[in-house]
Amino acid sequence: MLSNEKLNDFKKRLMEMKKSIESDLESEDETSPNEATGDLADYDNHPGDLGTEQFEQERDAGLDMVRKERLDEIEAALERVENGTYGISEKSGKPIPEERLEAEPTARNRVEEEEQE
């Protein structure tokens, strides 16, 4: 079992991670499409611009999806902190080693249990 001090440390770290990702998502939302590509007008100046712009939009959408998934993982870990199950494997009910939680604060299971999948 984690001490209250360690549990509070992990909670603080998870809150900082959450704040950082939310900030990244907000700043991405505030950027208009023309600002993101550096275009000065709403029309394309060169046929190649359309491909570049589409690539950048798809890349940004992919990054946003990864950020949102990570945010979900962080929120789930914070929920486990609140309900007293943080640091306990969801598969076996055994304690997750502190080293694992240091490396991956959102870990749901022990390393060997993850490798079994």
Side-chain angles (χ1 to χ4, degrees):
M1 279 305 272
L2 295 170
S3 68
N4 282 343
E5 183 180 343
K6 270 297 187 187
L7 195 58
N8 286 332
D9 288 345
F10 283 118
K11 183 177 180 178
K12 182 179 176 186
R13 187 168 162 199
L14 287 163
M15 293 297 289
E16 289 169 358
M17 292 166 62
K18 180 180 177 181
K19 186 176 179 181
S20 174
I21 290 175
E22 286 174 340
S23 175
D24 289 347
L25 288 169
E26 286 175 16
S27 66
E28 188 66 35
D29 287 344
E30 292 171 1
T31 306
S32 77
N34 288 336
E35 288 175 24
T37 59
D39 289 345
L40 297 175
D42 288 336
Y43 59 89
D44 293 328
N45 295 325
H46 187 275
D49 291 345
L50 185 60
T52 300
E53 186 173 328
Q54 182 177 357
F55 166 78
E56 289 177 359
Q57 288 173 350
E58 289 173 1
R59 180 199 61 205
D60 291 345
L63 291 172
D64 277 354
M65 187 172 68
V66 169
R67 287 183 187 116
K68 288 175 184 172
E69 288 173 0
R70 185 69 175 150
L71 187 58
D72 289 345
E73 291 173 13
I74 293 167
E75 288 173 345
L78 286 167
E79 190 174 309
R80 290 192 301 277
V81 169
E82 293 304 314
N83 68 25
T85 59
Y86 183 79
I88 300 171
S89 171
E90 292 180 354
K91 287 188 178 180
S92 67
K94 296 178 183 176
I96 299 171
E98 198 172 308
E99 297 80 25
R100 166 107 165 114
L101 295 171
E102 288 287 346
E104 184 53 66
T106 60
R108 295 174 179 262
N109 300 299
R110 300 164 61 92
V111 172
E112 58 272 13
E113 295 166 347
E114 291 291 334
E115 292 172 350
Q116 291 173 356
E117 288 185 5

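Considering CD of E75 and OG1 of T106, their distance stands at 12.0 Å, rounded to 0.5 Å. Atom NZ of K18 and atom CG of D72 lie 10.5 Å apart (nearest 0.5 Å). Going from atom NZ of K68 over to atom CD1 of I21 covers 12.5 Å, rounded to the nearest 0.5 Å.
The nearest pair of heavy atoms linking S89 to N109 is OG-OD1, 3.3 Å. In this structure, I88 and G84 approach most closely via the heavy-atom pair CD1-O, 4.1 Å. Scanning all heavy atoms of the two residues, the minimum distance from I74 to L14 falls at CG2-O, 3.4 Å. Across all non-hydrogen atoms, the minimal contact from L101 to G87 is CD1-CA, 3.8 Å. Across all their heavy atoms, A77 and P105 have their closest contact at CB-O, 4.2 Å.
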side-chain contact (heavy atoms from CB on, under 4.5 Å) evaluation trace for E73 with R108: CA-CA 9 Å; E73 291 173 13; R108 295 174 179 262; 5.5 Å; no
May I have the step-by-step check of side-chain contact (heavy atoms from CB on, under 4.5 Å) for E56 and R59, ending in yes or no? CA-CA 5 Å; E56 289 177 359; R59 180 199 61 205; 4.1 Å; yes
Quick one: do Y86 and L2 satisfy side-chain contact (heavy atoms from CB on, under 4.5 Å)? Show the steps, please. CA-CA 9 Å; Y86 183 79; L2 295 170; 3.8 Å; yes
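Contact of the E114 side chain with the R100 side chain is registered, since non-hydrogen atoms from C-beta on lie closer than 4.5 Å.
Salt bridge annotation for R70-E104: present, with a cationic side-chain nitrogen under 4.0 angstrom from a carboxylate oxygen. A salt bridge links D64 with R67: the closest approach of a Lys/Arg side-chain nitrogen to an acidic carboxylate oxygen falls below 4.0 angstrom.
In summary, of the residues considered (E113, R110, R80), a side chain to side chain contact (heavy atoms under 4.5 Å, CB included) with E90 occurs for R80 alone.
By the salt bridge (charged side-chain N to carboxylate O under 4.0 Å, His left out) test, K6 is found to be paired with E98, E102, residues two or more places apart in sequence or in another chain being considered.
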